[in-house]
Amino acid sequence: MILFKKGIVFSLMALAMAVLFTTLFFSYYQQPLDQGNEAVKTRVLMLNKGIIDFYQYSEKALSISAYKSLQLLYNKINTTGNYISQGYFEKNLSACMMGEEPCLGNPDNISSYLDNFTKVLNNDLRVPLQYVINNITISGESRWSLKLRANISVSLIDSFASWNLYKIINSTVNNTGLYDPLFTQYGFAGNDLGGVEYRRIKPNLNDQSNWDLSSFSEFYFAREYRASFKGPCLSDRYEGHSNTNPDCAIETILNPDVFVKLKEKLNVNLSQLDYSIINNEHFVCNTTEGLQANARYTIPAVNINITLSGDDIASFNLEQERDNARCCPGYKGTNNGLCP
Amino acid sequence: MNKRGGIFFIMDAFLASAIITIALLSVLSTSPAQQNSVDDTKNILINYMDFFENTKAYSAQSQVIDELITNGSISDKKENLFEAITELMIKGLQENATKLVEEQTNLILPVPYSIEFRFNNTIIYNRSMETIFTAKQRFSRKKIINYYKPPRKITKVLSNLPDFASPFDDDCKSNFGTDYDCINTKHLLSGTAVPSACYKEYDDGQKYDVYCTAFKEGKLYPPMIIEVSIWV
């Protein structure tokens with residue numbers, strides 16, 4: 001009986017030791033600080049990622065919407081025969097990108113893209129994001145591309161966190177494959193260019209009689225042309241400024257499979273002008289022949305120091321991208337399009 | 001009496017060791033070792049997603065991807081694997097997307113792990129080692145895919161065409177659609193490029209390589225969601 005009682009004592013001692021072990025362990029066991037907050041942390045990270053994704057998508061939406069807007073503005077010029085009033089290109093472009101006049105109902109306005117995105121964020125990820133496009137401006141341009149800047153505010157309110165911020169989105173739109181308003185006009189530049197004919201085609205694609213396709217065929221086929229380094233800026237051309245320079249103001253992009261020499265370079269998107277320079281040839285356009293092939297001159301010695309810039313465009317030191325400068329109203333065609 | 005007492009001692013020892021064992025088990029079950037295993041699964045999922053996001057199609061060691069690039073199903077070899085899958089799904093080539101995911105998954109995901117790969121809520125690949133309902137650990141991640149194709153020029157070549165009858169421009173259109181224009185030709189005898197020969201004006205009986213080109217408009221697709229679940 002005494003031993004039986006001892007057994008109970010031993011059992012109680014073992015129980016006490018077990019309790020002691022467990023208590024000691026849990027008193028020293030440090031629970032990670034973020035363990036209880038893991039769900040909150042994940043949610044906040046997800047919301048933050050949603051905002052980052054939104055701005056990344058905005059950058060692409062800005063570019064594609066601008067591209068479609070350039071197309072619509074060209075169509076407008078082509079239909080009406082009138083260029084955009086001087087100094088109004090930027091305003092027209094941003095209005096088109098917002099789906100306003102002169103591109104009322106433009107299905108490719110930037111809001112339609114961003115609405116698609118916010119819908120997915122809301123429905124699939126439960127991220128209730130709202131945005132406002134404050135403004136869209138042109139921050140720089142070259143002969144064949146525009147640099148755009150959009151100020152977009154975002155508001156996101158959730159149980160765990162909220163965001164209220166704005167961000168400047170920068171994007172570039174290239175006119176690859178677009179018709180160009182300047183080179184659809186025909187006329188004479190007049191005496192300001194020394195009485196030299198400046199060859200253009202009238203802005204009515206439906207009226208073939210107004211086209212001078214014979215002189216342009218070599219350049220115009222497949223729409224693979226663009227303004228040359230001395231031509232007016234892209235925005236200027238939508239405003240009808242063309243008589244900036246008597247030199248060659250148009251060039252084509254060549255296929256390196258045909259012009260095998262171009263394959264030596266990494267960039268396949270080389271221009272006619274670039275190729276001409278490599279081959280010591282030069283198109284002189286300030287002649288009565290305009291852009292005809294027989295106006296091709298051979299330059300005996302050309303410095304072939306070639307510089308490639310970017311992924312897509314060979315510059316050959318001919319074109320300097322102007323990040324901070326753009327064509328100034330009132331200085332069209334002077335000072336190489338730069339502000340004085 | 002002594003015999004009976006011995007039995008009690010033995011029973012008591014068993015009881016005591018049972019209590020201590022239970023205590024130790026409860027301690028061990030909340031130990032960091034278990035936590036590490038959970039972190040491992042989570043990290044495997046993160047690494048899996050990173051691999052698909054950071055691997056370009058051209059750099060993937062993959063027979064499936066090489067074939068898809070060659071036959072044009074993947075148009076840009078600089079696309080990452082998520083974008084390549086998106087392109088295949090947009091083109092309605094789900095079978096190829098499944099093959100791609102299966103091949104890459106078998107390369108990088110250890111066997112004990114099960115996986116489900118969804119594209120816009122459609123399961124395109126599933127590898128189940130055990131059912132998702134009995135899994136000890138399960139993690140999911142969603143990734144928004146912004147699929148954008150910038151405006152671009154596409155050139156295709158028609159080889160060995162004779163220079164009579166209709167212009168080469170018509171050859172481009174009849175082979176590739178009205179969107180294509182002839183941009184150039186190469187005279188196969190002399191090997192020289194003849195830009196204006198698109199109009200078949202040199203009736204010398206020689207054959208040409210004809211270069212057709214088209215501009216494809218840029219397109220920004222609505223955002224799409226890829227969801228990957230891993231469990232073990």
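All heavy atoms count here, side chains included; hydrogens, waters and symmetry mates do not. Letters go in sequence order (proteins before strands), and every chain restarts at 1.
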A.B. asks: Does any heavy atom of chain B fall under 4.5 Å from the side chain of A/Tyr113, the backbone, both, or neither of them?
C.D. replies: side chain
A.B. asks: Which heavy atom of B/Lys142 sits nearest a heavy atom of A/Leu125, and at what distance?
C.D. replies: CD-CD2, 3.3 Å
A.B. asks: Using the rule given for side chain to side chain contact (heavy atoms under 4.5 Å, CB included), can you reason through A/Asp124 versus B/Asn120, listing the C-alpha separation, both sets of side-chain angles and the distance that settles it, and then say yes or no?
C.D. replies: CA-CA 9 Å; A/Asp124 292 278; B/Asn120 274 354; over 6 Å; no
A.B. asks: Of the listed residues (B/Asn121, B/Ile225, B/Asn146), which shares the most heavy-atom pairs with chain A below a 4.5 Å separation?
C.D. replies: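 Highest number of pairs under 4.5 Å: B/Asn146.
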A.B. asks: For A/Gln130, does the CD atom sit with more than 12 other heavy atoms under 6.0 Å from it, leaving out its own atoms?
C.D. replies: no
A.B. asks: Would you mind checking which part of A/Lys119 comes under 4.5 Å of any heavy atom in chain B, side chain (CB onward), backbone (N, CA, C, O), both or neither?
C.D. replies: neither
A.B. asks: Would you say CZ of B/Arg141 has more than 12 non-hydrogen atoms from neighbouring residues, nucleotides or ligands within 6.0 angstrom?
C.D. replies: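 At most 12 heavy atoms, drawn from other residues, nucleotides or ligands, come within 6.0 Å of this atom.
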A.B. asks: With a 4.5 Å cut-off on side-chain heavy atoms, are B/Lys143 and A/Lys49 touching?
C.D. replies: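 Counting from C-beta outward, A/Lys49 and B/Lys143 do come under 4.5 Å.
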A.B. asks: Using a cut-off of 6.0 Å, state whether more than 12 heavy atoms not belonging to B/Lys173 lie near its atom NZ.
C.D. replies: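 Yes, because the 6.0 Å sphere around NZ of B/Lys173 holds more than 12 heavy atoms from other groups.
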A.B. asks: In terms of heavy-atom contacts, does NZ of A/Lys167 have more than 12 from other residues, nucleotides or ligands at under 6.0 Å?
C.D. replies: no
A.B. asks: Taking all heavy atoms of B/Tyr221 and all of A/Tyr57, pick out the closest pair and write down the distance.
C.D. replies: O-OH, 2.8 Å
A.B. asks: If you take all heavy atoms of A/Asn116 and B/Pro223, which pair is closest and at what distance?
C.D. replies: O-CG, 4.0 Å
A.B. asks: Decide yes or no on side chain to side chain contact (heavy atoms under 4.5 Å, CB included) for A/Asp108 and B/Leu220, but give the supporting numbers first.
C.D. replies: CA-CA 10 Å; A/Asp108 292 298; B/Leu220 177 60; over 6 Å; no
A.B. asks: Quick one: closest heavy-atom pair of A/Ser63 and B/Tyr148, and the distance?
C.D. replies: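 Minimum heavy-atom separation between A/Ser63 and B/Tyr148: OG-OH, 3.5 Å.
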A.B. asks: Rounded at 0.5 Å granularity, tell me how far NZ in B/Lys219 sits from NZ in A/Lys60.
C.D. replies: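 These two atoms lie 16.0 Å from each other.
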